[in-house]
Structures are given as C-alpha cells and as structure tokens.
There are 2 protein chains.
Amino acid sequence: MGEHKKMPRASVLRMELCLELLEQLEADGSVYVTSRQIGEATGVSADKVRQDFFHLGSEGKPKVGYEVAQLAELIRSVLDLKTAKKTCLVGLGNLGRALTASNIWSRAGFELAAIFDTDPSLIGTTTAGIRVRNVTEIYGVVKAENIIAGVAAVPASAAQDTADLMVGAGIRAIWNFAPVKLHVPEDVVVESQSLAWGLITLSYEMKNNIKDQAPERAK
Amino acid sequence: MGEHKKMPRASVLRMELCLELLEQLEADGSVYVTSRQIGEATGVSADKVRQDFFHLGSEGKPKVGYEVAQLAELIRSVLDLKTAKKTCLVGLGNLGRALTASNIWSRAGFELAAIFDTDPSLIGTTTAGIRVRNVTEIYGVVKAENIIAGVAAVPASAAQDTADLMVGAGIRAIWNFAPVKLHVPEDVVVESQSLAWGLITLSYEMKNNIKDQAPERAK
DNA sequence: CGGCATTCGTTAAACAATTAACAATTTAAT
DNA sequence: ATTAAATTGTTAATTGTTTAACGAATGCCG
Ligand SMILES: NC(=O)c1ccc[n+]([C@@H]2O[C@H](COP(=O)([O-])OP(=O)(O)OC[C@H]3O[C@@H](n4cnc5c(N)ncnc54)[C@H](O)[C@@H]3O)[C@@H](O)[C@H]2O)c1
Ligand SMILES: NC(=O)c1ccc[n+]([C@@H]2O[C@H](COP(=O)([O-])OP(=O)(O)OC[C@H]3O[C@@H](n4cnc5c(N)ncnc54)[C@H](O)[C@@H]3O)[C@@H](O)[C@H]2O)c1
C-alpha cells in the first residue's frame, strides 16, 4: 500500500470533486463504488482515479470497488477536513457577503468566526449572526478567539496591508481573492483565487475550440 | 520567434495575472517592463514569465524588456478578451447575485445580457438593470439577443438540466459553478469552478506546512 | 470446484510543465 | 571603439503528471 508524503496538487483538487460524489452516494445509501463509476460521474479517467487513491493509500477490493463511507473518511482525513479551523473574513463587500451567505465553510472544516471591515457604515451591523468589527480590532479578536485562518476579500490595493495585519495577529493561512501576490512568512500558507480565471480561460477555450477541427476528446 | 499552437493551461492563468499587472503599469505610465520585474510583482519566476511570453510569440528587447502597452495588447489578443461575448446567468441565488454585482465581466469581454431563474418571486424583478426572466424563455432570448455564453449558478441537482437547456438554445460556452461534471457536445466549452477548491487546498496545505520543517521556498 | 471476467494496486512508459542554461542582442560606460 | 552588464529568445535538463500496462485478488457462474 502506498504511503503519501506529498500529494500532487491536481490530485487534491480531484479529491474534492470525488468527495462531493461520495457524500452523495453515501446519502443515497450506496455501499461500494468502483473507480470506473467514480470516473464516469466526475469526468475523470478511471486510471487517474486509481492513481489518486494510490497516493492516499487506497483500500479497495478487486471486483467490488471501494467502500463509500470508508473512502470518504480517508479523503477527509488526508485533506484534514475534520479538524475545526476558526476563520475570519476581512472585507464585507460584494464578494464577502456572498461568501458569508454560502455553505462552503463547514464542508472543509472552516468556521466563520469574525468579520472585519473599515467602512463605518458596516461596522456594528450583523451579518449571518456575526457582528462586523473594525479591522483595527483584528489582533485582539484573533488572539481571543483562537482564529487561525483569514479570508482577504478587500480591494487589491488593500490586500497586502490586510495580509500583514493577519500575519501580525497570528493567522497561519490566508485565502486571498485580490489579484496580487501576497508576501508572507514561509510558515504562512496563501491560496489565491481569482474569480476571473474562469472567464479568462473560457474566453481562450472558446476561441480555440471554434478553430479546432479535432477538439479534445472527452475522457 | 515561437508560434503558439496551444498554450498550457497554467500559462493562460498566469497571463491573466500578468495582464492585471500590465494594466496597472499602463495606468501608472510605465513604458517598459522586464521579465524580472513582472516576476517580482506577480510571484512567478522570471524564467517562467519568459517561457510564457515565448508561447505568445514575445516581442521584448534585450536589456530593456517588454513594451507594456504592446504586451498587454498581445495578451488580450491571444486570450481573445477584446471580442464582445454576450452572456446569460441562470440561477440568481447567493452566488448569482454576487456575480451580477461584480465587475469581472468586462475585463474578459463578457457582457451580462440576461438573467434566468425558476423562482416566481424573482421573475420580473430587476437586478443590475436586467429583468429576471423565467428559464423557460431561455431559448427565445438567447436566439434573439445572440447570447453565446452562459453561467450556471444553480444547485447541483439542476446543473445538467440547465446545461442541456443552454446547449439547446445554442450557447457555446458554459461557466459552471455546480460541483458536477456536465455532459455537453464536443463543440461546447465548459469551465467548471468549485469555490470550495480554495478552502480544500488551504486545509491540505495547512496540515502539511505545519509538519514540514523545510517548507517550500518562495520562488 | 474451476475457469472467467472484473477490478484493484503497482510499476513503467509517455507526455507535459517547469527550471536551468546560455548564446545573441542591446544599452551604457569607459 | 571596446568592454561590461543586463536581458532576451530558445534549447536542454529536470521534474511532475498522466496514461498505459499487467499480475494478483476477488467474486461469479456453470
Ligand atoms: N465581487 C466579485 O465577484 C469579485 C470578482 C473578482 C475579484 N474580486 C476581488 O475580490 C476583492 C473584493 O471584491 P468585492 O467586489 O467584494 O469588493 P467591494 O469593493 O465590494 O468590497 C470591498 C470591501 O472591503 C472593505 N475594505 C476596503 N479596504 C479595507 C481594509 N483596508 N481593511 C478592511 N476592509 C477594507 C470595503 O469597505 C468593502 O466593504 C477585490 O480584490 C476584487 O478584485 C471580486
Ligand atoms: N454561494 C456560494 O458561495 C457557493 C459556493 C460554492 C459553490 N456554490 C455552488 O453554486 C451554485 C449556486 O449556489 P448558490 O449559493 O447561489 O445557491 P442558491 O440556492 O442561493 O441559488 C440557486 C438559484 O438557482 C435557482 N434555480 C434552482 N433551480 C433552477 C433551475 N432549474 N433553473 C433556473 N434556476 C434555478 C433558484 O431559484 C435560486 O435562485 C450551487 O451549485 C452551489 O453548489 C455556491
């Protein structure tokens, strides 16, 4: 059985997709699922699915497949989705509000515990049951509440300052939505996500797909 | 000079980041920029920057760098960001509202031209100057308005149906936010984007970074 | 019980992307 | 003018990911 030192990033992303399917299967009462079925449903080749599970240290039975509940648990464990991670949001603009209202936090073990902004008209209001505070309070709140992760949903011009504040307060991981490279100490993890990526790649693919007479085969 | 048949996907994503920087430099009045400076600002290695520009068919001058405006134009051209692409949104929930309010469309040449939903309490209301219509009207509207792209911001259970409707109406590209693999004809481009990816990878990285005594060097 | 078909775990080969290297080119300095 | 320093375009080496292959394990069927 394969031991996993570090998993390819692409595998991690696929695990997320796979877990989503597994949870659905679990809800539907399925007990076993094969690599082929997983591939069918998620659009990933069965080979790749098995290779990914190899990285995890897989547990399937030939001819039967993988036990759904057990596999889901393994993925949650490797991705560390079970341990609770208290999180703060900085910047309650359009994006911040959407994130606040969404249900994505708990799936990955994150719990939104504080919201900060600089806008006086927002400070003191309540969103999703959380009181919005002045960003100057971040140091004390993060320490007091033991918050370890932060989301930067502020304009690009304020992103580095926000990151510095977060790092100073002791935050170890930043989910950044501003289109800039954040400079942080080595022991702080940054995951940047530009929402525009999707549109840009779509634009490029559209242009190419129209020209291609032999488009990529679905696999 | 290198001709570009197909650019690596990763390069496309970096182009987006680079373009953001170039536009800022343009606004600041800079005329030239070197690969090293671009790398510095975007967090990409200078080598990779030059390799990416090689794919584009680069135009820099040794010792001087690249002409900012010209390079930006080249990227816009290769990514096809200039041609207008009329787009519709299906599903005006939390995510849909955030997307409607955001300014990401125009940068990539997309124009939000129609909004559809099934919720009677939404149909007929106006958001961002656009009247929300019943999704049953999609066929006629897409034809009449010459809409070529669609955003699926509906629950996972409705995503494939939505995709089928879009394809039936003649849409050639789908930006999908539901965590499912959409089955579409080969000549339709799908770009799926799970917002949870960021959190999942963050979770995995946090776990690994804490354990690592020799964390990845910033490059 | 004994073959047959299926599916897994693993290894190996093919492919793709990143990093490194360097000659060619341009500017600036002496 | 000539040299020195910087930076590009491009090729080569390295690294990483995906695809393919196949023996071993398992269930199924006669
Ligand atoms: N809205 C989107 O869909 C979208 C799409 C792509 C990228 N983004 C990026 O996400 C970020 C936020 O986008 P948005 O649309 O929510 O912006 P927004 O302007 O709606 O909201 C920004 C919020 O941050 C607050 N803020 C500003 N400076 C601050 C500071 N120093 N400290 C704390 N709070 C501060 C503002 O008061 C405001 O509430 C931007 O970097 C943007 O480029 C957003
Ligand atoms: N909100 C987020 O931040 C977030 C995060 C991660 C993933 N997602 C995904 O994005 C999608 C949308 O999320 P959301 O939070 O906006 O959901 P939501 O429930 O807030 O909104 C869904 C909208 O789609 C409409 N709808 C439902 N069925 C439809 C149909 N058949 N045709 C047209 N419209 C229909 C509903 O009326 C509603 O307005 C989901 O697939 C979700 O998994 C959202």
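Please read all numbers here as calculations on a predicted model, not as lab measurements. To find a chain, count down the sequence lines: A is the first, B the second, and so on, and within it residues start at 1.
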Length of the line joining [X]:[atom1] and [N]:[atom2], which is rounded to integer Å:
X: A:Lys63; N: D:dG23; atom1: NZ; atom2: P; result: 18 Å
X: B:Tyr66; N: D:dA6; atom1: OH; atom2: C1'; result: 13 Å
X: B:Leu71; N: D:dT7; atom1: CG; atom2: P; result: 16 Å
X: B:Ile38; N: D:dT7; atom1: CD1; atom2: P; result: 12 Å
X: B:Tyr32; N: D:dT8; atom1: OH; atom2: P; result: 12 Å
X: A:Arg9; N: D:dT18; atom1: CZ; atom2: P; result: 12 Å
X: A:Asp52; N: C:dC8; atom1: CG; atom2: C1'; result: 15 Å
X: A:Asp47; N: D:dT17; atom1: CG; atom2: C1'; result: 13 Å

task: For the pair B:Lys181 and A:Glu40, find out whether any cationic side-chain nitrogen is under 4.0 Å from an anionic carboxylate oxygen.
output: no

message: Is a donor from one side chain sitting under 3.5 angstrom from an acceptor on the other, for A:Asp164 and A:Gln160?
response: yes

Between A:Ser192 and A:Asn176, a side-chain donor and acceptor under 3.5 Å: yes

Would one find a side-chain N or O of [X] under 4.0 angstrom from OP1 or OP2 of [N]?
X: A:Lys48; N: D:dT19; value: yes
X: A:Arg50; N: C:dT11; value: no
X: A:Ser45; N: D:dT19; value: yes
X: A:Ser35; N: C:dT7; value: no

- line: Per atom distances to the B:Ser58 side chain, the nearest of D:dG9, C:dG9, D:dT8 is D:dG9

field: Side chain of B:Phe54 (C-beta onward), nearest among C:dA17, D:dT7, D:dT10
entry: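 Selected nucleotide (nearest to the side chain): D:dT10.
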
query: Base, sugar-phosphate, or nothing for A:Phe53, non-hydrogen atoms under 4.0 angstrom?
result: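 Result for A:Phe53 = nothing.
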
Residue whose closest nucleotide on DNA chain D lies nearer the 5' end, A:Ala10 versus A:Val64: A:Ala10

- request: Map A:Lys61 and A:Ser11 onto DNA chain D by nearest heavy atom, then report which one ends up closer to the 5' terminus.
  value: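 Nearest-nucleotide comparison on DNA chain D picks A:Ser11.
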
- prompt: Under 3.5 Å, is there a donor-acceptor pair between the side chain of A:Lys143 and the main chain of A:Gly170?
  reply: no

- prompt: Under the 3.5 angstrom rule, does the side chain of A:Ser194 hit a backbone N or O of A:Ala196 as a donor-acceptor pair?
  reply: yes

